[in-house]
Amino acid sequence: MRSALGIALLGALLAGCGSDPTRGYVAGGLYPETVQTVAVPIWTRGPEVYRRDLEFRLTEALVKRLELDTPYKVVGRDQADTVLEGSIVAVDQQVLSYNPDTGEPRDLEIRLVVSYRWTDLRTGEVLAERENFRAAGVYYPTEPVGQDAFLGSADAVNLLAQRIVETLEKPW
């Protein structure tokens, strides 16, 4: 009984796999197999971005996310197949709601806008590129929570890193 079930399961799995995506489901990786390593130099800040160390925090989040979510190894530029470079173009925040009793902001949203390019160093081909790519984080500055903008920007940085790495996937 177990062997018959095992054979049926194996048959079902093999029937869903294929090397040609026009012929059905494909069991393969999400990321290009031709890339093994990625260099991630420290990102830059645009001339109107005055948040100190934000570029370091974003670069660190990207490296961690690449190592966690992709098959790629992050290495120095001289050893890398590809390079992921970018710049923080803008940082802004807006009040989402006010405390009706005090008139103080109850929650604020901080938005990060970046532009980046993922380039194959072997061929010079641009593998992915985005302009004005955005992510936002929310924080609550008033008591009893009393969070600061650093926490909101940390959420935005982590979300941005996750979304950037997702854009490096192969097209469906």
Side-chain angles (χ1 to χ4, degrees), residues 2-3 5-46 49 51 53-92 109-139 150-172:
R2 284 186 186 173
S3 62
L5 182 61
I7 291 171
L9 182 60
L10 182 61
L13 286 174
L14 291 176
C17 301
S19 60
D20 184 1
T22 61
R23 294 178 30 206
Y25 294 103
V26 176
L30 293 174
Y31 298 94
E33 291 85 12
T34 58
V35 176
Q36 303 297 317
T37 56
V38 180
V40 185
I42 296 173
W43 283 33
T44 60
R45 282 186 287 147
V49 178
R51 304 280 175 127
D53 295 335
L54 196 56
E55 67 275 21
F56 299 111
R57 292 172 37 214
L58 179 56
T59 303
E60 180 182 14
L62 279 167
V63 167
K64 288 179 179 178
R65 192 50 76 169
L66 281 165
E67 293 275 347
L68 180 68
D69 291 346
T70 72
Y72 308 140
K73 178 76 179 148
V74 178
V75 297
R77 188 181 186 108
D78 57 334
Q79 300 169 338
D81 299 332
T82 62
V83 62
L84 178 60
E85 300 173 293
S87 178
I88 302 169
V89 177
V91 177
D92 62 359
E109 177 184 68
I110 186 165
R111 287 183 305 240
L112 303 179
V113 181
V114 300
S115 294
Y116 66 92
R117 177 180 293 151
W118 187 33
T119 309
D120 190 323
L121 293 172
R122 301 162 296 185
T123 64
E125 177 188 3
V126 175
L127 301 173
E129 183 174 26
R130 295 284 174 94
E131 297 288 325
N132 299 321
F133 196 69
R134 303 167 187 266
V138 177
Y139 67 100
F150 182 87
L151 188 59
S153 66
D155 285 346
V157 161
N158 290 327
L159 179 60
L160 193 55
Q162 177 184 350
R163 292 186 60 215
I164 289 169
V165 169
E166 288 172 353
T167 66
L168 304 183
E169 294 177 0
K170 293 187 289 191
W172 288 46

### Residue pair Leu168, Val38: steps toward the side-chain contact (heavy atoms from CB on, under 4.5 Å) verdict
CA-CA 11 Å; Leu168 304 183; Val38 180; over 6 Å; no
[X] side chain vs [Y] backbone, donor-acceptor pair below 3.5 Å:
X      : Y      : answer
Thr59  : Trp43  : yes
Asp81  : Gln36  : yes
Glu109 : Ala136 : no
Thr119 : Val126 : no

For a 4.5 angstrom cut-off between non-hydrogen side-chain atoms, does [X] reach [Y]?
X      : Y      : value
Leu112 : Leu54  : yes
Arg77  : Leu121 : yes
Val89  : Phe133 : no
Trp118 : Val35  : yes
Ile164 : Leu84  : yes

How many angstroms lie between atom [atom1] of [X] and atom [atom2] of [Y], to the nearest 0.5 angstrom?
X      : Y      : atom1 : atom2 : answer
Arg65  : Glu166 : CZ    : CD    : 8.0 Å
Lys64  : Leu62  : NZ    : CG    : 11.5 Å
Ile110 : Asp155 : CD1   : CG    : 10.0 Å
Asp120 : Glu125 : CG    : CD    : 6.5 Å
Asp92  : Arg111 : CG    : CZ    : 4.0 Å

### Message
Using side-chain hydrogen bond (donor to acceptor under 3.5 Å, both in side chains), reason through Tyr72 and Thr82 one step at a time and then give a plain yes or no.
### Response
CA-CA 10 Å; Tyr72 308 140; Thr82 62; over 6 Å; no
### Task
Verify the neighbour count for atom CZ of Arg134: are there more than 12 heavy atoms of other residues, nucleotides or ligands below 6.0 Å?
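No.
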Nearest atoms (heavy-atom pairs only) where [X] meets [Y]:
X      : Y     : value
Thr37  : Ala80 : OG1-CA, 3.3 Å
Ser87  : Arg45 : OG-C, 4.1 Å
Ala161 : Leu58 : N-CD1, 4.4 Å

### Message
Ser115 and side-chain hydrogen bond (donor to acceptor under 3.5 Å, both in side chains): which single residue from Arg130, Glu131, Glu85 fits?
### Response
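Of the listed options, the one satisfying the test is Glu131.
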#### Entry: Residues Gln79, Lys73; criterion side-chain contact (heavy atoms from CB on, under 4.5 Å); working and verdict
CA-CA 10 Å; Gln79 300 169 338; Lys73 178 76 179 148; over 6 Å; no
